[in-house]
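Comments concern the structure below.
Quick caveat, the model's predicted, so the values are computed rather than measured. Atoms considered below: every heavy atom in the structure, side chains included; atoms not considered: hydrogens, waters and symmetry mates. When a residue number appears, it is its place in the shown sequence, counting from 1.
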Amino acid sequence: NEQLLISFPFEFKAKDYSLQAIPSIISKKIQEKLVRIKIKSLNIIPEVANILREGDSQKDTDGKTVANLERIVSNNFSEILMMGKVGVWSVVHHPSQKDIATDWNVLCIEKNGVLYFNNYPIKIGNMVNFLTDLYSISGTIIGLEVK
């Protein structure tokens, strides 16, 4: 009933023998699920907003695709609340930054009924980060659908 950790010794005792070992790899069956999540990313710099493309992907260290940008739902200039000369508030568009909504297909790991991506729980309201070959983008999860 002890947790196995890589590079930490443990002892296994059976009826007729005992074994001391240091694990180098710990493997267990991982339950993976494909999840579509909708992300809202605010105040994205133009250098990132201009290179986002449907089909962009994030890969793990083995080259396996773990996230895929399925669709860009919206890509609009961010809005700023400003006070005018007469004390009246108005909303104006930011000259360069964008608010972007996207749909991503992500490969999640299920642990105890909770879905995780990059070791963070996938729940509406949580932040998520994506790292492609060209850019990194983060946003808030505003919708999800388990496939």
Side-chain angles (χ1 to χ4, degrees), residues 1-12 20-147:
N1 292 331
E2 292 182 30
Q3 183 177 8
L4 289 178
L5 301 171
I6 294 175
S7 300
F8 286 90
F10 77 97
E11 184 174 36
F12 177 80
Q20 292 184 345
I22 298 175
S24 60
I25 297 173
I26 298 174
S27 177
K28 65 179 183 177
K29 187 175 179 173
I30 296 174
Q31 188 74 0
E32 294 180 334
K33 289 195 176 182
L34 190 60
V35 179
R36 177 185 294 138
I37 57 177
K38 185 178 290 289
I39 306 300
K40 179 78 171 201
S41 303
L42 302 176
N43 302 316
I44 302 300
I45 60 174
E47 292 80 3
V48 173
N50 294 336
I51 61 171
L52 279 174
R53 299 287 181 266
E54 293 175 0
D56 291 348
S57 63
Q58 175 177 327
K59 299 188 183 308
D60 66 9
T61 54
D62 295 325
K64 180 180 177 181
T65 299
V66 293
N68 182 54
L69 176 54
E70 179 181 284
R71 183 168 72 111
I72 299 171
V73 178
S74 66
N75 186 343
N76 302 314
F77 284 101
S78 299
E79 294 181 337
I80 306 168
L81 185 61
M82 295 184 65
M83 183 182 286
K85 292 180 183 178
V86 293
V88 176
W89 290 96
S90 61
V91 176
V92 297
H93 293 290
H94 191 283
S96 61
Q97 292 183 343
K98 301 279 189 99
D99 291 346
I100 301 171
T102 52
D103 288 340
W104 289 79
N105 290 314
V106 295
L107 192 58
C108 295
I109 296 171
E110 185 175 12
K111 297 178 191 174
N112 299 325
V114 178
L115 296 169
Y116 291 85
F117 177 72
N118 289 343
N119 293 321
Y120 292 97
I122 296 298
K123 296 182 179 207
I124 294 173
N126 282 3
M127 293 292 293
V128 65
N129 299 304
F130 297 103
L131 179 63
T132 71
D133 291 338
L134 292 175
Y135 60 86
S136 174
I137 191 169
S138 63
T140 303
I141 301 170
I142 59 172
L144 65 94
E145 171 191 348
V146 179
K147 292 186 171 187

Regarding K59 and T65, is there a side-chain donor-to-acceptor distance under 3.5 Å anywhere?
yes

Under 4.0 Å between a Lys/Arg side-chain N and an Asp/Glu carboxylate O for R71 and E54?
no

d(L115 CG, I109 CD1) to nearest 0.5 Å is 10.0 Å

Closest non-hydrogen atoms of I39 and G139, given as atom of the first, atom of the second and distance, are CG2-CA, 3.5 Å

Looking at every non-hydrogen atom in both residues, tell me the closest pair between P121 and N126 and how far apart they are.
O-ND2, 3.1 Å

Is D62 reaching over with its side chain to a backbone N or O of K64, donor-acceptor style, under 3.5 angstrom?
no

Taking the side chain from Q58 and the backbone from V66, do they hold a donor-acceptor pair closer than 3.5 Å?
no

Would you say the side chain of I100 lies within less than 4.5 Å of the side chain of L52, judging by non-hydrogen atoms?
yes

Check step by step if side chain to side chain contact (heavy atoms under 4.5 Å, CB included) holds for L34 and E145.
CA-CA 9 Å; L34 190 60; E145 171 191 348; over 6 Å; no

Aromatic rings W104 and F130: how do their planes relate, parallel, tilted or perpendicular, breaks at 30° and 60°?
parallel

Is there a donor-acceptor contact under 3.5 Å from the side chain of T132 to the main chain of S57?
no

Could you state the interatomic distance from CD (Q31) to CG (N112), rounded to the nearest 0.5 Å?
12.0 Å

Exercise: identify the closest heavy-atom pair between T140 and G125
CG2-O, 3.6 Å

Nearest 0.5 angstrom please: C108 SG to Y116 OH, how far?
11.0 Å

Basic-acidic side-chain contact under 4.0 Å: E70, K38
no

Between I142 and I124, does a side chain to side chain contact (heavy atoms under 4.5 Å, CB included) hold up when you go through it step by step?
CA-CA 5 Å; I142 59 172; I124 294 173; 5.5 Å; no

Where is the tightest heavy-atom contact between S138 and S41, given as atom of each residue plus distance?
O-OG, 2.9 Å

Would a 4.5 Å heavy-atom cut-off, applied to side chains only, mark K147 and N105 as touching?
yes

How many angstroms lie between CG in D56 and CD1 in I51, if you round to the nearest 0.5 Å?
7.5 Å

Could you note down all residue pairs passing side-chain hydrogen bond (donor to acceptor under 3.5 Å, both in side chains) where residues 74-95 supplies at least one of them, sequence neighbours left out?
N43-S78, N75-K98, S78-D99

All heavy atoms of I44 vs all of A49, minimum pair found to be CG2-N, 3.8 Å

Between Y120 and N129, a side-chain donor and acceptor under 3.5 Å:
no

Let me confirm one number: the CD1-CD1 distance from I137 to I45, rounded to the nearest 0.5 Å.
9.5 Å

Rounded to the nearest 0.5 Å, how far does CD1 of I122 lie from CG of L144?
8.0 Å

So does E47 get a backbone contact from the side chain of N50, meaning a donor-acceptor N/O pair under 3.5 Å?
no

If you draw a 6.0 Å radius around CE in M82, do more than 12 non-hydrogen atoms from other residues or ligands fall strictly inside?
no

